Asker: 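Before I ask anything, let me first share the structure, which is written out below as structure tokens.
Naming: A, B, ... by sequence-line order, numbering from 1 per chain. All of these numbers come straight from a predicted model, not from anything done at the bench.
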There are 2 protein chains.
Amino acid sequence: MKSVPRISETEWEVMKVLWAKAPLAAGEIIDALVAVDRTWHPKTAKTLLNRLVKKKALGFKTEGRAYLYRPLIKESECVAAASESFLDRVFGGSLAPMLAHFAQHRKLSADEVRELRRLLKEESAGTGKAKE
Amino acid sequence: MKSVPRISETEWEVMKVLWAKAPLAAGEIIDALVAVDRTWHPKTAKTLLNRLVKKKALGFKTEGRAYLYRPLIKESECVAAASESFLDRVFGGSLAPMLAHFAQHRKLSADEVRELRRLLKEESAGTGKAKE
DNA sequence: AAACAAGGATTACGGCAGTAATCGTTGCTT
DNA sequence: AAGCAACGATTACTGCCGTAATCCTTGTTT
């Protein structure tokens with residue numbers, strides 16, 4: 001098992017940038033962060049890059065005087081880990097209550113509904129075990 | 001706006017006990033926690049109770065020499081807050097990708113699929129109160 | 001009354017997170 | 001060459017979190 005390092009809230013923002021596009025130099029990453037949220041301070045971003053490198057969530061290779069960062073862990077792994085943890089903590093690990101919550105709280109758009117229907121169809125179709 | 005205080009991972013365990021049944025004395029809460037996870041230490045639980053009181057997540061009234069604790073914030077509010085935050089952070093705020101993730105990663109049981117279908121039906125039908 | 005027991009209050013302490021500022025190095029500019 | 005600018009490294013500081021231990025108060029027991 002890989003057991004992804006724990007990625008904090010703000011660190012996640014940084015990771016998102018690099019999951020979207022990599023490798024990137026620190027400056028480019030900072031630009032991307034600022035583009036999303038004006039309040040990002042370059043120094044803060046640098047600190048987070050260092051921490052993420054220390055955590056082995058990011059790696060880099062030197063390119064001239066600067067670094068090019070790239071993710072060492074996959075977004076899908078982090079998403080899975082965060083989702084598990086969230087589901088366990090908030091909904092005791094069971095899906096149905098969670099789905100009910102989201103379905104009721106945040107009204108789905110018609111498109112989303114359609115998309116989900118499609119997913120459910122796949123789900124109950126092949127996928128081995130779910131029989132209908 | 002209420003803006004529920006931020007409830008940490010372990011604090012959440014404590015809250016769950018009181019959301020399930022309240023009011024309860026510290027001893028009862030600790031018993032409940034231990035029942036779920038043997039490793040809970042009474043002192044640790046007491047610390048958390050204090051912190052939750054300080055955060056205004058819990059209140060208490062004295063009953064003889066002991067306290068009776070009760071939640072000051074509703075589970076539904078906390079669930080909503082945690083869900084929002086999770087959805088934003090991990091899935092950029094959009095439901096469909098999240099549901100897709102869960103649908104694909106944790107194979108839904110036939111029952112869950114049916115349940116979700118039912119929810120979607122309601123969704124696309126009157127959506128309860130919004131319009132209708 | 002003295003000591004104990006039960007429960008709350010206070011104190012502790014290392015680690016992570018958020019948020020930066022300062023230090024150090026090195027190529028570039030004047 | 002000297003200083004500046006760009007970039008990474010190091011240092012900082014506060015607050016929250018996990019995890020308790022110790023202290024204090026007061027009812028209870030011998």
Side-chain angles (χ1 to χ4, degrees), chain A residues 3-18 23-34 36-70 78 81-82 85 88-89, chain B residues 3-18 23-34 36-70 78 81-82 85-86 88-90:
Chain A
S3 118
V4 293
R6 174 172 164 65
I7 305 300
S8 83
E9 191 108 1
T10 42
E11 286 168 352
W12 198 282
E13 294 302 312
V14 177
M15 293 305 293
K16 277 205 288 203
V17 170
L18 284 157
L24 289 177
E28 300 174 296
I29 297 168
I30 292 170
D31 289 347
L33 289 170
V34 169
V36 168
D37 175 353
R38 199 79 42 64
T39 72
W40 270 97
H41 190 298
K43 296 297 190 180
T44 301
K46 287 305 311 298
T47 298
L48 292 174
L49 286 174
N50 283 334
R51 287 184 183 170
L52 286 166
V53 166
K54 199 165 307 170
K55 283 184 186 185
K56 305 279 178 62
L58 295 181
F60 62 83
K61 65 168 190 278
T62 53
E63 196 256 9
R65 57 158 141 304
Y67 289 179
L68 285 185
Y69 295 87
R70 73 171 63 250
C78 289
S85 146
D88 284 352
R89 185 160 42 83
Chain B
S3 117
V4 294
R6 173 173 165 62
I7 304 300
S8 82
E9 192 107 0
T10 41
E11 285 167 352
W12 197 280
E13 294 302 312
V14 177
M15 294 304 293
K16 277 204 290 201
V17 169
L18 284 157
L24 289 177
E28 301 174 295
I29 296 168
I30 292 170
D31 289 347
L33 289 170
V34 169
V36 168
D37 174 354
R38 199 78 43 65
T39 72
W40 269 97
H41 189 297
K43 296 300 190 180
T44 302
K46 287 303 312 297
T47 298
L48 292 174
L49 285 174
N50 283 334
R51 286 183 183 169
L52 286 166
V53 167
K54 199 165 305 170
K55 282 184 186 184
K56 306 279 178 64
L58 295 180
F60 61 84
K61 65 169 190 280
T62 54
E63 195 257 11
R65 56 156 137 305
Y67 290 178
L68 285 185
Y69 295 87
R70 73 171 64 249
C78 289
S85 147
F86 165 73
D88 284 353
R89 185 159 44 82
V90 178

Asker: Output the single nucleotide from C:dG18, C:dA20, D:dG8 whose closest atom is nearest the side chain of A:Thr44.
Answerer: C:dA20

Asker: Looking at the side chain of B:Leu48, which of C:dA17, D:dA9, D:dT19 is the nearest nucleotide?
Answerer: D:dT19

Asker: What nucleotide, of C:dA12, D:dG27, C:dA20, holds the atom closest to the side chain of B:Arg65?
Answerer: D:dG27

Asker: Taking N or O atoms only and anything under 3.5 Å, show me the protein contacts with nucleotides 22-25 of chain C, one pair per line.
Answerer:
{"unit_1": "C:dT22", "atom_1": "O4", "unit_2": "A:Lys43", "atom_2": "NZ", "d": "2.9"}

Asker: Taking the side chain of B:Thr47 as its heavy atoms from C-beta onward, which of C:dA17, C:dA21, D:dA20 lies nearest to it?
Answerer: D:dA20

Asker: Can you list the residues that meet the side chain to side chain donor-acceptor pair (under 3.5 Å) rule with B:Thr62, with sequence neighbours excluded?
Answerer: none

Asker: NA contact type, B:Lys54, heavy-atom cut-off 4.0 Å: base, sugar-phosphate, or nothing?
Answerer: nothing

Asker: With sequence neighbours left out, write down each residue that passes side chain to side chain donor-acceptor pair (under 3.5 Å) with B:Lys56, or none if nothing qualifies.
Answerer: none

Asker: Rounded to whole Å, please give me the gap between CZ in A:Arg6 and C1' in C:dG15.
Answerer: 12 Å

Asker: What does B:Ala25 touch in the nucleic acid at a heavy-atom separation under 4.0 angstrom: a base, only the sugar-phosphate, or nothing?
Answerer: nothing

Asker: Please determine, for the side chain of B:His41, which listed nucleotide (D:dG8, C:dA17, D:dA20) has the closest atom?
Answerer: D:dA20

Asker: C:dG8, D:dC7, D:dT19: which one has an atom nearest the side-chain heavy atoms of A:Ala66?
Answerer: D:dC7

